[in-house]
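Protein chains get the first letters and strands the later ones, always in sequence-line order, with residue 1 at the start of each.
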Amino acid sequence: MKSEPHTSVYGHVSVTGRANIDLMDFAEDLYEVKLKTLENVAEYLGLGRPDDIEEHELREMKEKGDIDSIAEFSRRRVYLIREIGDKFIEYAVQLSQIVGLPLDHVASAAVGFRVEWFIIREALGRGELIPQRKEVSAETYVGGMVLSPRPGIHSNVAVLDFASMYPNIMVLNNISPDTYIPPDEEVPQEECNIAPEVGHRFRKEPPGLYKEILRKLLSARKEIKEALAKVEENSAEHKLLAAREKAIKVIANATYGYCGWIGARWYMKPVAEATAAWGRYTIGKAMEIARKMGLEIIYGDTDSIFVKYDTGKVNKLLEEIKRELSLDIKLERIFKRIIFTEAKKRYAGLLEDGTIDVVGLEFVRGDWPKVARDAQKKVIEIVLTEENVENGIRRAKEYVSDLISKMKAGEIPLKHYIIWKEITKSAEEYKARAPHVEVARIMREKGWRVQPGDKVGYVVVKGSGKLYQRSLPYFMVSVEDVDIEYYIENQVIPAVMRVLSPLGVKELGVATGGLADFF
DNA sequence: TCTAGGCATGGGTGCCTATATCT
DNA sequence: AGATATAGGCACCCATGCCT
């Protein structure tokens with residue numbers, strides 16, 4: 001960790017910066033914990049939740065000279081940090097073994113460097129020289145293909161996913177920095193794999209560096225998965241294998257991104273560009289095959305397609321895609337019902353086991369206040385589980401109307417109005433004024449240390465002027481100060497309408513409390 | 001030094017135009 | 001009547017955090 005022990009609520013407590021990423025690699029579902037305070041992470045991992053003591057309270061303790069409470073606070077945190085460490089040590093050890101960086105380095109190394117050190121090791125094994133890092137200017141290229149969804153509510157939708165699409169595409173076409181053929185070099189066409197759209201050429205033989213590395217990783221992962229099935233769950237061996245499998249997956253999946261990263265020793269834009277192009281070609285072909293079979297395509301993103309479910313046709317589709325494209329595709333999940341808005345990368349669906357999956361919408365975004373996120377989640381639950389759509393809409397409207405009354409009556413706690421946003425750079429670097437930047441400034445004036453990577457929690461209060469002129473650190477605000485109208489109009493209503501408008505709802509028909517109520 | 005691109009969204013910023021107000 | 005101030009609408013950009 002980069003700085004002194006820094007136990008702030010506005011920052012990520014002690015799990016700040018790098019440490020966050022390390023945890024997340026292993027426990028992908030930690031992404032669900034939007035505000036990664038030590039307490040939140042510990043609670044999520046089932047380590048129990050200590051009494052909430054926030055940093056501003058700690059400060060008060062210090063001013064009062066209450067050493068005992070500070071000591072108790074610190075003891076609890078040290079204990080939790082140790083417990084969390086225990087949970088992740090196995091993964092770190094595996095990563096260290098695979099990548100070849102010492103344990104203390106691998107923990108703080110960014111993804112790009114983990115991949116790099118792994119490749120360095122493999123290249124040495126092949127007797128290859130390690131290229132020097134070069135200074136190059138950034139050049140973007142076209143990435144994955146995303147389809148516009150068919151808005152509205154659909155029932156029985158199957159999601160088909162290509163398994164590790166980019167790594168497999170790289171293996172299949174021998175895409176690698178050392179197999180790339182520059183445009184001016186003449187090579188017979190039958191000796192080349194030629195990328196669609198972009199036309200980059202790669203030698204079919206001999207196997208390139210990336211192909212060998214990825215083939216190794218992919219087959220190791222497959223073996224471990226098979227071994228895992230035979231080992232008793234919760235056993236030491238199971239934990240070890242699971243950690244190893246995760247570590248391998250992370251490295252394999254990051255290789256595509258790595259080769260398009262300008263900081264990489266093996267940076268080569270055509271490699272990344274060609275991989276993405278083959279990806280678009282692949283998903284396009286899959287859709288074409290689906291259409292020919294008469295399957296209705298609802299949506300798709302990069303390596304997945306959502307189709308109206310039809311058991312026989314879908315099974316045939318999977319076989320046909322595998323045969324034509326030589327890539328593995330799986331039936332990942334089936335949604336009983338799913339809602340799409342007009343927007344890409346946003347939907348909410350009900351799975352067969354009754355769980356609800358929310359993707360991209362406000363509910364999963366940490367920068368929306370709890371009051372709006374909860375409201376959206378509730379509306380999603382109602383409309384997805386209510387068989388009759390009209391009834392669902394009616395119930396959802398009633399729910400929102402009730403919530404708005406509660407908000408106006410001051411029955412919603414202050415915590416639900418806090419908006420958390422990260423400070424990503426120093427104050428001078430910001431070109432536009434924004435509430436969270438202004439709030440960080442206020443905190444600094446009061447003696448708080450707020451630096452890039454910290455999250456600040458603020459609340460919009462009553463008053464006039466721009467939002468950044470009436471946003472305050474949440475601990476300086478009481479619930480009576482909150483601009484309820486702002487939260488109703490700009491947070492709750494947009495969040496719930498996002499879900500309801502694709503169902504044909506034009507307005508909520510609830511009194512929002514503005515002047516309009518009187519006319 | 002901190003894998004890639006694609007995307008939605010809210011709010012700020014700056015410009016234009018219509019209207020109000022002043023000289 | 002002409003000059004200047006102000007408000008509102010619009011397009012665009014900034015910033016964040018999500019998805020695969």
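The shortest heavy-atom contact between A:Thr282 and A:Leu327 is CG2-CD1, 3.6 Å.
When the side-chain contact (heavy atoms from CB on, under 4.5 Å) test is applied to A:Ser464, no partner is found at least two apart in sequence or on another chain. The side-chain contact (heavy atoms from CB on, under 4.5 Å) check on A:Ala274 picks up A:Ala195, A:His200, A:Phe202, A:Trp278, with sequence neighbours excluded. In this view, A:Lys345 and A:Asp301 satisfy the side-chain hydrogen bond (donor to acceptor under 3.5 Å, both in side chains) rule, not counting sequence neighbours. For A:Gln97, the side-chain contact (heavy atoms from CB on, under 4.5 Å) test picks out A:Val93, A:Gln94, A:Arg244, with sequence neighbours left out.
Residue A:Val142 is in sugar-phosphate contact alone, with no base atom involved, counting any heavy-atom pair closer than 4.0 Å across all strands shown. Contacts of A:Arg280 with the nucleic acid, taken as non-hydrogen atoms under 4.0 Å apart, are absent. Across all strands shown, A:Tyr486 has heavy atoms under 4.0 Å from sugar-phosphate atoms exclusively, and none from any base. Within 4.0 Å of A:Asn490, counting heavy atoms only, lie sugar-phosphate atoms of the nucleic acid but no base atom. Contacts of A:Gly263 with the nucleic acid, taken as non-hydrogen atoms under 4.0 Å apart, are absent. Residue A:Thr255 is out of contact with every strand shown, counting any heavy-atom pair closer than 4.0 Å. Counting any heavy atom pair closer than 4.0 Å across all strands shown, A:Gly143 reaches sugar-phosphate atoms only and no base atom. Residue contacts shown for A:Lys269 are absent, as no nucleic acid heavy atom lies under 4.0 Å away. Within 4.0 Å of A:Ala272, counting heavy atoms only, lies no atom of the nucleic acid at all.
Within residues 357-369 of chain A, the residues having any heavy atom under 4.0 Å from DNA chain B are, by residue number, A:Trp368.
What separates CD of A:Glu116 from C1' of B:dA4 is a distance of 15 Å, to the nearest Å.
When the side-chain nitrogen and oxygen atoms of A:His436 are compared with OP1 and OP2 of C:dA15, none of them lie within a distance under 4.0 Å. Within the 4.0 Å cut-off from OP1 or OP2 of C:dT20, not a single side-chain nitrogen or oxygen of A:Ser304 is found. In this structure, A:Tyr430 reaches the C:dT16 phosphate: one of its side-chain N or O atoms is under 4.0 Å from OP1 or OP2. Residue A:Lys425 places at least one side-chain N or O closer than 4.0 Å to OP1 or OP2 of C:dA15. Taking only side-chain nitrogens and oxygens, A:Tyr166 never comes nearer than 4.0 Å to OP1 or OP2 of B:dG5.
Nucleotides B:dC2 and C:dT20, compared at atom P, are 26 Å apart to the nearest Å.
The salt bridge (Lys or Arg N to Asp or Glu O under 4.0 Å) contacts involving residues 250-271 of chain A comprise A:Glu116-A:Arg265, A:Glu139-A:Lys269, where partners must be two or more places apart or lie in separate chains. For residues 331-341 of chain A, the pairs satisfying salt bridge (Lys or Arg N to Asp or Glu O under 4.0 Å) are A:Arg333-A:Asp357, with sequence neighbours left out.
The listed nucleotides are B:dG5, C:dA15, B:dG10; the one nearest the side chain of A:Lys345 is B:dG5. The A:Glu422 side chain lies nearest to C:dG17 when the options are B:dA8, C:dG17, C:dA15. Taking every side-chain heavy atom of A:Phe113 into account, B:dT1 is the closest of B:dT9, B:dT1, B:dG6.
Taking 4.5 Å as the limit, some side-chain heavy atom of A:Pro207 sits within range of a side-chain heavy atom of A:Glu212.
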Write down the protein N/O and nucleotide N/O pairs, taken from nucleotides 12-16 of chain B, whose separation is under 3.5 Å; answer none if there are no such pairs.
| from | atom 1 | to | atom 2 | distance (Å) |
| --- | --- | --- | --- | --- |
| B:dG12 | OP1 | A:Leu467 | N | 3.2 |
| B:dG12 | OP1 | A:Tyr468 | N | 3.4 |
| B:dT13 | OP1 | A:Arg433 | N | 3.4 |

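By the 6.0 Å contact criterion, NZ on A:Lys330 is open, its count of non-hydrogen atoms from other residues, nucleotides or ligands being 12 or less.
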List the atom pairs, with distances to 0.1 Å, where a side-chain N or O of residues 156-172 of chain A and a protein N or O form a donor-acceptor pair under 3.5 Å, not counting sequence neighbours.
| from | atom 1 | to | atom 2 | distance (Å) |
| --- | --- | --- | --- | --- |
| A:Asn168 | ND2 | A:Ala163 | O | 2.9 |
| A:Asn168 | ND2 | A:Ser164 | O | 3.0 |

